[in-house]
Q: 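Sharing a structure below in structure tokens format, with a few things to ask.
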Amino acid sequence: AVTRQQTLRQTIEQLRQAYFFDAVESDGKLKFIPREAEDAAELAIERLVPGRSGTPVEVTRGQEVELPKEVAVTYLNQSANYLRGTQVAQRDVTESQNQITIEVPIVMPAQQAATIAETRLYLSWVGRTGYE
């Protein structure tokens, strides 16, 4: 449900938050590619960066206090007459106090919203390590 005036990009962004996909433009068409672990592959450094064989990879790691301690997902609850519901995922052991709220105007069961919250929290923490 789109409950307010917004751009198409904003609408797609709300769907991206709930369903974990990337949007790319290729050959004049928009393509939506799901983020799935099965597609991951191990590649040699030579295939990623030609000519850098033997060069160390620089690893960067985000600060813990910048990561979320809690992710809340607000959604339309399928089993409660489409009233707004909120599911929360928390990380217990952290110095961070950040909270993220994701509003998805999508009708879904509570368990699906809880899964989205858990996944978003997990991806935030896993994604704090970058490689260059």
Q: Nearest heavy-atom pair of I116 and Q17: which atoms, and what distance?
A: CG2-O, 3.8 Å
Q: With a sphere of 6.0 Å drawn around CD of E25, does it hold more than 12 non-hydrogen atoms of other residues, nucleotides or ligands?
A: yes
Q: In terms of hydrophobic clusters joined by side-chain contacts under 4.5 Å, are Y82 and Y75 together?
A: no
Q: To the nearest 0.5 angstrom, please state how far the OG1 atom of T101 sits from the CD atom of E70.
A: 7.5 Å
Q: Looking only at non-hydrogen atoms, find the nearest pair between S96 and T94 and report the distance.
A: N-OG1, 3.1 Å
Q: Indicate the atoms forming the closest heavy-atom contact of Y19 with I106, along with that distance.
A: OH-CG2, 3.5 Å
Q: Side chains of Q6 and T11: is there a donor and an acceptor less than 3.5 Å apart?
A: yes
Q: Below 4.0 angstrom, N of the basic side chain to O of the carboxylate: do R16 and D22 qualify?
A: yes
Q: So which heavy atom on K31 is nearest to which on S26, and how close?
A: NZ-OG, 3.6 Å
Q: Is F20 linked to V24 within one hydrophobic cluster, defined over Ile, Leu, Val, Met, Phe, Trp and Tyr using a side-chain heavy-atom separation of less than 4.5 Å?
A: no
Q: In terms of side-chain geometry, is the basic nitrogen of R84 or E103 positioned less than 4.0 Å from the acidic oxygen of its partner?
A: yes
Q: Between N77 and L83, is there a side-chain heavy-atom distance shorter than 4.5 Å?
A: no
Q: Flag yes if L121 and V65 sit in one hydrophobic cluster, no otherwise; membership is Ile, Leu, Val, Met, Phe, Trp, Tyr, and two members link when side-chain heavy atoms are under 4.5 Å apart.
A: no
Q: Below 4.5 Å, heavy atoms only, C-beta onward: do R120 and V73 meet side chain to side chain?
A: no
Q: Looking at side-chain heavy atoms only, is the closest gap between E13 and R9 below 4.5 Å?
A: no
Q: Could you tell me if the side chain of L15 sits less than 4.5 Å from the side chain of F32, heavy atoms only?
A: no
Q: Strictly distance-based, threshold 3.5 Å: is any side-chain N or O of W125 a donor or acceptor partner for the main-chain N or O of P68?
A: yes
Q: Please check if atom OH in Y122 has more than 12 non-hydrogen atoms from other residues, nucleotides or ligands closer than 6.0 Å.
A: no
Q: Roughly how far, to the nearest 0.5 Å, is the NZ atom of K69 from the CZ atom of R91?
A: 11.0 Å
Q: Please give me the minimum heavy-atom distance between A117 and Q87, naming the atom from each residue.
A: CB-O, 4.0 Å
Q: Under 4.5 Å between side-chain heavy atoms, counting indirect links through other Ile/Leu/Val/Met/Phe/Trp/Tyr residues: same cluster for L67 and I100 or not?
A: yes
Q: Measuring from atom CE of M108 to atom OG1 of T115, what distance do you get when rounded to the nearest 0.5 angstrom?
A: 10.0 Å
Q: Is there a path from V88 to V104 through hydrophobic residues (I, L, V, M, F, W, Y) whose side chains come within less than 4.5 Å of each other?
A: no
